[in-house]
Amino acid sequence: MAAAQRIVIENCSIATVDADDTEYASGYLVLADNRIEALGAGPAPEGLENVVRRIDATGHLATPGLINTHHHFYQWITRGLATDHNLFDWLVALYPIWARIDEPMAYTAARGSLAMMARGGVTTAMDHHYVYPRGTGDLSGAIIRAARETGVRFTLARGSMDRGESDGGLPPDFAVESLDGALAATEATVKEHHDPSFDAMTQVAVAPCSPFSVSTELLRNAAELARGLGVRLHTHGSETVEEEKFCHELFGMGPTDYFESTGWLGEDVWMAHCVHMNDSDIAAFARTGTGVAHCPSSNARLAAGIARVPDMLAAGVPVGLGVDGTASNESGELHTELRNALLINRLGAHKESALNARQALRLGTHGGARVLGRAAETGSLEAGKLADVVLWKLDTLAHASIADPVTALVFGAAAPVTASFVNGRQIVEDGRLLTVDEDAVARATRDEARRLAQLAARR
């Protein structure tokens, strides 16, 4: 076998986000092919062989790559609409537009979403795509292709909806699938694209959309399908007070009890938002190991409320961060969610004790890896883990006077990314993507957004 090629990074602060929150004021990392081979304080060891590159990272903080645990890439081409709506009104306004998305739109929107996240330090992304109008092409394949081209590690949560307007749901009937059709398409996607290996770049989860767009039968059967295939499960849960009321009226119980009755609590499950959770709900998530994707900006944009993240963490619930779709978080960046998670949670009951800078960083890294079921592979800087590493530049005007680098990253302005490595491959340099042409992506997203708007106007 060929000898490992090494990249040596030196003279940077390091926040490992390991179990002990180990940090080095000035240290080194050695990347060997797609793994972290070694790291520690001071200069790198002498005598390393096959060093193909040395990086003097003076003035930088090295962290694990950020991990996004909830997103809807297709919404990149419907940003800036319905800006003063709550969730249900927002969905009613946008579903008729989303129902006209086709394969070229899905591919282009995914490229825009991925590019924005990757240039801001995301190394593992996920997309919950659940709108599959009939006759619109291979949407899942297009999204996966966009992730592969961008160079990020990726989980496609293959979504589905089978409760259209005629069955009391919100989406138009032509935008939903049949029960059997959704299950068959989901199974085919898993079998074609899911890679269970340690260093997988593409994985697939089973992900019916939400209680108000999915039948009980689809939820139950989807859980059985996922467990039979050995993949994870994802959905929206407890996002709004309207959802709580909906579940009580339709099912005679709250969202968490309803999910448990359909097999949707467990270590292989994570849910987006979880804003309206009582003590019993949090205890059920902790008891079963069910994870949460916390989306602070989207929750604020749609006036959904403040999730009880400090209480979830205290109970032992796995919690990661999510951008959510860019029709409810127009910036589409995860590194800003570190700051927003900290600040918004301080508006809740725990006030200044809600979250600190290191807890926020953990949510965006190791917490996300736990939620996606990949904590053994990524989410912290440790020897043997995958080489998903970000170098944040903290010696400019925006951050130079903040002594603590983790505080600078979380409390300060969005820090520039000098370098981002995924699987040992550099995908960002000096804030620009190396894998795709950002300007070309921007032009394509503008054109597809206009085409979608024109199609929607003809309805």
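Side-chain atoms are counted along with the backbone in the values below, which use heavy atoms only and exclude waters and symmetry mates. Throughout, numbering of the chain's residues begins at 1 and tracks the sequence. These numbers were taken from a predicted model, which means no experiment stands behind them.
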How far apart are the C-alpha atoms of Glu23 and Arg358, what are their side-chain angles, what is the distance that settles it, and do they pass the salt bridge (Lys or Arg N to Asp or Glu O under 4.0 Å) test?
CA-CA 11 Å; Glu23 297 181 12; Arg358 282 158 178 81; 2.6 Å; yes
Is there a donor-acceptor pair under 3.5 Å between the side chain of Thr108 and the backbone N or O of Met105?
no
Mind checking whether Pro43 and Tyr28 have side chains closer than 4.5 Å, heavy atoms only?
no
Give, for atom CG of Leu372 and atom OG1 of Thr155, the distance between the pair rounded to the nearest 0.5 Å.
5.0 Å
We want to know whether His71 and Asp324 form a side-chain donor-acceptor pair, criterion being a heavy-atom distance below 3.5 angstrom.
no
For Trp90 and Ala82, the nearest pair of non-hydrogen atoms, with its separation, is CD1-O, 3.6 Å
Asn340 and Ser297: side chain donor to acceptor below 3.5 Å
yes
Walk me through it: do Val428 and Gln426 pass the test side chain to side chain contact (heavy atoms under 4.5 Å, CB included)?
CA-CA 6 Å; Val428 176; Gln426 187 170 356; 5.8 Å; no
Verify, without hydrogens or angle tests, whether Arg362 (side chain) and Asp18 (backbone) share a donor-acceptor contact under 3.5 angstrom.
yes
Between Gln5 and Arg53, is a side-chain hydrogen bond (donor to acceptor under 3.5 Å, both in side chains) present by the stated rule, with each step listed?
CA-CA 9 Å; Gln5 294 192 327; Arg53 187 177 175 197; over 6 Å; no
Rounded at 0.5 Å granularity, tell me how far CD in Glu187 sits from NE2 in His194.
13.5 Å
Distance-only polar pair, side chains of Trp98 and Thr78, donor-acceptor under 3.5 Å
yes
Is Asp56 salt-bridged to Arg54, cutoff N-O under 4.0 Å?
no
Please answer whether the main-chain N or O of Arg425 pairs with a side-chain N or O of Asn423 as donor and acceptor at a distance below 3.5 Å.
no
Do Val317 and Thr290 come within less than 4.5 Å of each other through their side chains, counting heavy atoms only?
no
Here the pair of heavy atoms bringing Arg374 nearest to Ala200 is NH1-O, 3.0 Å
Would you find a donor on one side and an acceptor on the other, under 3.5 Å apart, between the side chain of His85 and the backbone of Leu87?
no
To the nearest 0.5 Å, tell me how far Leu342 CG sits from Glu352 CD.
11.5 Å
Aromatic ring proximity His128/Phe73, centre distance under 6.0 Å:
no
No-hydrogen, no-angle side-chain donor-acceptor test under 3.5 Å, His273 and Ser238
no
If you round to the nearest 0.5 Å, how far is OG1 of Thr445 from CG of Leu452?
12.5 Å
CG on Leu114 to CZ on Arg119, rounded to 0.5 Å
13.5 Å
Got a second to check how far Trp392's CH2 is from Thr63's OG1, nearest 0.5 Å?
5.5 Å
Mind checking what makes side chain to side chain donor-acceptor pair (under 3.5 Å) contact with Thr136, not counting sequence neighbours?
none
Just grab all the side chain to side chain donor-acceptor pair (under 3.5 Å) pairs involving residues 303-323, residues at least two apart or on different chains.
Asp279-Arg308, Arg308-Asp311, Asp311-His350
Considering non-hydrogen atoms only, spot the tightest contact between Pro211 and Glu243 and give its length.
CG-OE2, 3.7 Å
For the backbone of Trp270 and the side chain of His234, can you confirm whether one donor and one acceptor N or O come within less than 3.5 Å of each other?
yes
What I want to find out is whether Arg432 reaches Asp439 closely enough, with some N-O distance under 4.0 Å, to be called a salt bridge.
yes
Can you find a pair of side-chain heavy atoms, one from Ile14 and one from Leu29, that are under 4.5 Å apart?
yes
Within a 6.0 Å radius of atom CD on Glu267, are there more than 12 heavy atoms belonging to other residues, nucleotides or ligands?
no
Ile427 and side-chain contact (heavy atoms from CB on, under 4.5 Å): which single residue from Val422, Leu434, Val417 fits?
Val422
Test item: Val52 and Arg6 side chains (from C-beta on) under 4.5 Å apart, heavy atoms:
no
Exercise: do Ser213 and Ser210 side chains pair donor with acceptor under 3.5 Å:
yes
Checking the side chain of Glu37 only, and the main-chain atoms of Leu31 only, is there a donor and an acceptor separated by less than 3.5 Å?
no
Test item: Asn345 side-chain N/O and Leu355 main-chain N/O as donor-acceptor pair under 3.5 Å:
no
Can you see which heavy atom on Leu381 is nearest to which on Asp388, and at what distance?
CD2-O, 4.1 Å
Are any of the side-chain heavy atoms of Leu156 and Thr202 separated by less than 4.5 Å?
no
Yes or no on side-chain hydrogen bond (donor to acceptor under 3.5 Å, both in side chains) for Lys385 and Ser380, after CA distance, side-chain angles and deciding distance?
CA-CA 8 Å; Lys385 285 199 169 185; Ser380 59; 2.7 Å; yes
Test side-chain hydrogen bond (donor to acceptor under 3.5 Å, both in side chains) on Tyr74 and Tyr130; report intermediate values, then the result.
CA-CA 10 Å; Tyr74 71 87; Tyr130 53 83; 2.7 Å; yes
Looking only at side-chain N and O atoms, does His294 offer a donor or acceptor that is under 3.5 Å from a partner on His70?
no
Flag the pair Asn329 / Glu337 as yes when at least one side-chain heavy-atom distance between them is below 4.5 Å, and no otherwise.
yes
Do you know the tightest heavy-atom contact between Gln75 and Ser328?
OE1-N, 4.1 Å
Could you go through Thr22 and Asp20, starting from their C-alpha distance and side-chain angles, then the distance that decides it, and tell me whether this counts as side-chain hydrogen bond (donor to acceptor under 3.5 Å, both in side chains)?
CA-CA 5 Å; Thr22 305; Asp20 299 318; 4.8 Å; no
Using a strict 4.0 Å threshold on nitrogen-to-oxygen distance, state whether Arg301 and Glu330 make a salt bridge.
yes
Student check: side-chain heavy atoms of Glu382 and Ile36 closer than 4.5 Å:
no
If we only count heavy atoms from C-beta on, is the Val214 to His236 side-chain gap below 4.5 Å?
no
When you measure from the side chain of His60 to the backbone of Thr58, do you find a donor-acceptor pair of N or O atoms at a distance under 3.5 Å?
yes
Answer yes or no: is there a donor N or O on one side and an acceptor on the other, between the side chain of Glu333 and the main chain of His335, under 3.5 Å?
no
Cation-pi check, Arg148 onto Phe154 ring (under 6.0 Å, within 45° of axis):
no
Donor-acceptor pair, distance only, cut-off 3.5 Å: does the side chain of Gln359 make one with the backbone of Asn356?
yes
Aromatic Tyr132 / basic Arg158 pairing, under 6.0 angstrom, 45° off normal:
yes
Over all heavy atoms of both residues, which pair between Ala408 and His399 is shortest? Give the atoms and the distance, please.
O-CD2, 3.3 Å
Does one side chain, of Trp264 or Thr235, offer a donor that lies under 3.5 Å from an acceptor on the other?
no
Show your reasoning for whether salt bridge (Lys or Arg N to Asp or Glu O under 4.0 Å) applies to Arg287 and Glu260.
CA-CA 12 Å; Arg287 168 174 49 82; Glu260 186 157 32; 3.3 Å; yes
